[in-house]
Student: 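Sharing a structure, written as structure tokens. Questions coming.
Lettering follows sequence order; numbering is per chain, from 1.
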Amino acid sequence: MGSYTLGVQDQPPLMPQTIAYTRYFPRRGPSGAVVFLGVFATMGLGFYYVGLNNAERRELRREKAWTRISLVPLLQAETDRDVVRRLASARAKESSIMQEKQDWAAVDLKEPVKGIKRYGVYDETRQHATPVYYTDRYVAPTYLFVPRESGELLPAQWWRGSKFFTLNPPYHNRSIKRVEEFVASDIHERFLFISLLSRICFICSADWKGKADPINEEK
Amino acid sequence: MEMTKNEDNDEVDYGTANNNVGRDNQTLNRWLAIFVDGLWVDKTPMPDSIPHVPEVGLTSAPLESMAFHFAQYCKPYSEDFMLCKNGTQDPEKCLKEGRRVTRCALDLKIDIILNRINKLKANCDEEWKKHWECLDVKNHNLWQCRNQEKAFNDWYYKDDTRDPRGSDTCSLEEEPVPQVKI
């Protein structure tokens with residue numbers, strides 16, 4: 001046995017002489033103050049645009065308001081004529097209804113009376129229409145009598161939504177009749193039917209029975 | 001309508017707002033009065049003592065597009081009516097001024113429709129119609145129909161000196177609040 005040569009051996013990997021184990025955080029990029037400044041600058045710019053747009057929207061609302069203000073005299077004149085016509089016709093109806101009564105005159109809220117306020121004189125004989133208010137100022141009537149069967153009164157249409165479950169479109173006409181027949185039948189089947197058609201039951205109450213449906217039957 | 005009987009009757013039917021007022025009691029106006037118990041329909045004609053005036057008969061979109069021009073065109077009559085209204089709430093006291101306002105608006109409407117404003121017979125009331133049809137589509141937002149509004153205003157103010165665009169009319173208004181003229 002003499003000298004020997006080293007063959008390939010399993011060596012540890014090559015590593016630097018010094019291994020960095022200390023903490024190292026390079027302070028780079030913008031500082032905190034700069035970040036805050038950037039945020040506030042962006043927000044400021046954004047709010048500036050918001051303010052500009054709000055001013056623009058305000059002007060658009062002003063334009064809309066002035067459009068409507070400009071039209072007020074026209075529409076008010078139309079409504080005035082209509083109100084005068086309707087009140088005149090109501091007064092005429094009142095006179096015609098009460099024509100048999102000798103000393104009745106249709107109430108005219110503005111009819112001048114002898115003296116006003118505390119010096120007002122009440123006309124017992126009712127030669128002229130006696131106003132309700134003893135004042136020169138115009139007072140609009142609060143109440144209006146319209147006979148229910150006169151045909152001038154349309155029932156109120158509160159429901160302006162889906163007409164699918166309203167009173168009597170053709171489909172529900174049929175089902176309402178079925179419910180009416182059903183109510184006359186045996187009791188033990190009613191509960192199942194009522195649970196299925198719970199929506200229609202309230203329509204079949206006395207309020208709506210037999211009355212015309214103004215929504216679906218408008219001419 | 002009676003006013004256009006003697007003229008070229010190429011008036012388009014724009015629909016009616018309150019057509020049962022006055023002598024024309026054919027159509028039904030259901031939304032006038034809000035009563036709790038129901039709607040009050042009254043077809044009685046106007047008393048004969050009150051002079052008859054034909055109604056304007058415009059729906060909301062044509063009225064809105066015409067509003068500024070109406071304010072400019074009918075300024076004295078509108079102011080008169082509003083001053084009268086300020087004095088009293090009685091509708092019967094201001095009927096005369098109201099009739100004048102309605103006649104002025106009717107005049108303006110006929111002017112626009114029959115193109116009496118400028119003498120170009122080519123486009124009659126197309127510009128106006130386009131504007132209010134656009135308004136109908138766009139929820140009556142004036143800011144969404146600026147192109148048509150510009151075309152309408154260009155047509156309305158063509159060859160005319162009373163064009164207020166580009167001039168400072170708001171802050172230089174002579175009489176911002178109308179005063180009673182004795």
Student: If you measure from the Lys or Arg side-chain nitrogens to the Asp or Glu carboxylate oxygens, is any gap between A/Arg81 and B/Glu55 under 4.0 Å?
Tutor: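 Result for this pair is yes, salt bridge flagged.
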
Student: Can you tell which part of B/Arg100 gets under 4.5 Å to a heavy atom of chain A, answering side chain, backbone, both or neither?
Tutor: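 For B/Arg100, neither part sits under 4.5 Å from chain A.
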
Student: Within the structure provided, determine whether B/Thr102 and A/Glu78 are in side-chain contact (heavy-atom separation under 4.5 Å).
Tutor: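 Not touching, per the 4.5 Å side-chain cut-off.
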
Student: So which heavy atom on B/Glu92 is nearest to which on A/Arg91, and how close?
Tutor: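 Shortest heavy-atom separation between B/Glu92 and A/Arg91 comes out as OE2-NH2, 4.2 Å.
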
Student: How far apart are the closest heavy atoms of A/Ser70 and B/Ala67, and which atoms are they?
Tutor: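 Closest pair (atom of A/Ser70, atom of B/Ala67, distance): CB-O, 3.7 Å.
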
Student: Considering only heavy atoms, which portion of B/Phe81 lies under 4.5 Å from any heavy atom of chain A: side chain, backbone, both, or neither?
Tutor: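 Looking at B/Phe81, just its side chain touches chain A.
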
Student: Taking non-hydrogen atoms and a cut-off under 4.5 angstrom, which of residues 40-67 of chain A neighbour chain B?
Tutor: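 Under the 4.5 Å heavy-atom cut-off, A/Leu60, A/Glu63, A/Thr67 qualify.
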
Student: Compare every heavy atom of B/Ile50 with every heavy atom of A/Val84, then report the nearest pair and how far apart it is.
Tutor: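 Minimum heavy-atom separation between A/Val84 and B/Ile50: CG1-CD1, 3.5 Å.
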
Student: So how far is it from A/Ile69 CD1 to B/Ser78 OG, rounded to the nearest 0.5 Å?
Tutor: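 That separation rounds to 12.5 Å.
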
Student: Could you go through the side-chain contact (heavy atoms from CB on, under 4.5 Å) check for B/Thr44 and A/Arg86 one step at a time?
Tutor: CA-CA 7 Å; B/Thr44 323; A/Arg86 281 168 182 254; over 6 Å; no

Student: So, do A/Gln76 and B/Val101 sit near enough that their side-chain heavy atoms are less than 4.5 Å apart?
Tutor: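 Answer no - side chains too far apart.
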
Student: Can you name the nearest heavy-atom pair linking A/Leu75 to B/Leu63, along with the distance?
Tutor: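 Heavy atoms only, the tightest pair is CD2-CD1, 4.0 Å.
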
Student: Quick one: of B/Met66, B/Arg146, B/His140, who has the most non-hydrogen atom pairs under 4.5 Å with chain A?
Tutor: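 The candidate making the most pairs under 4.5 Å is B/Arg146.
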
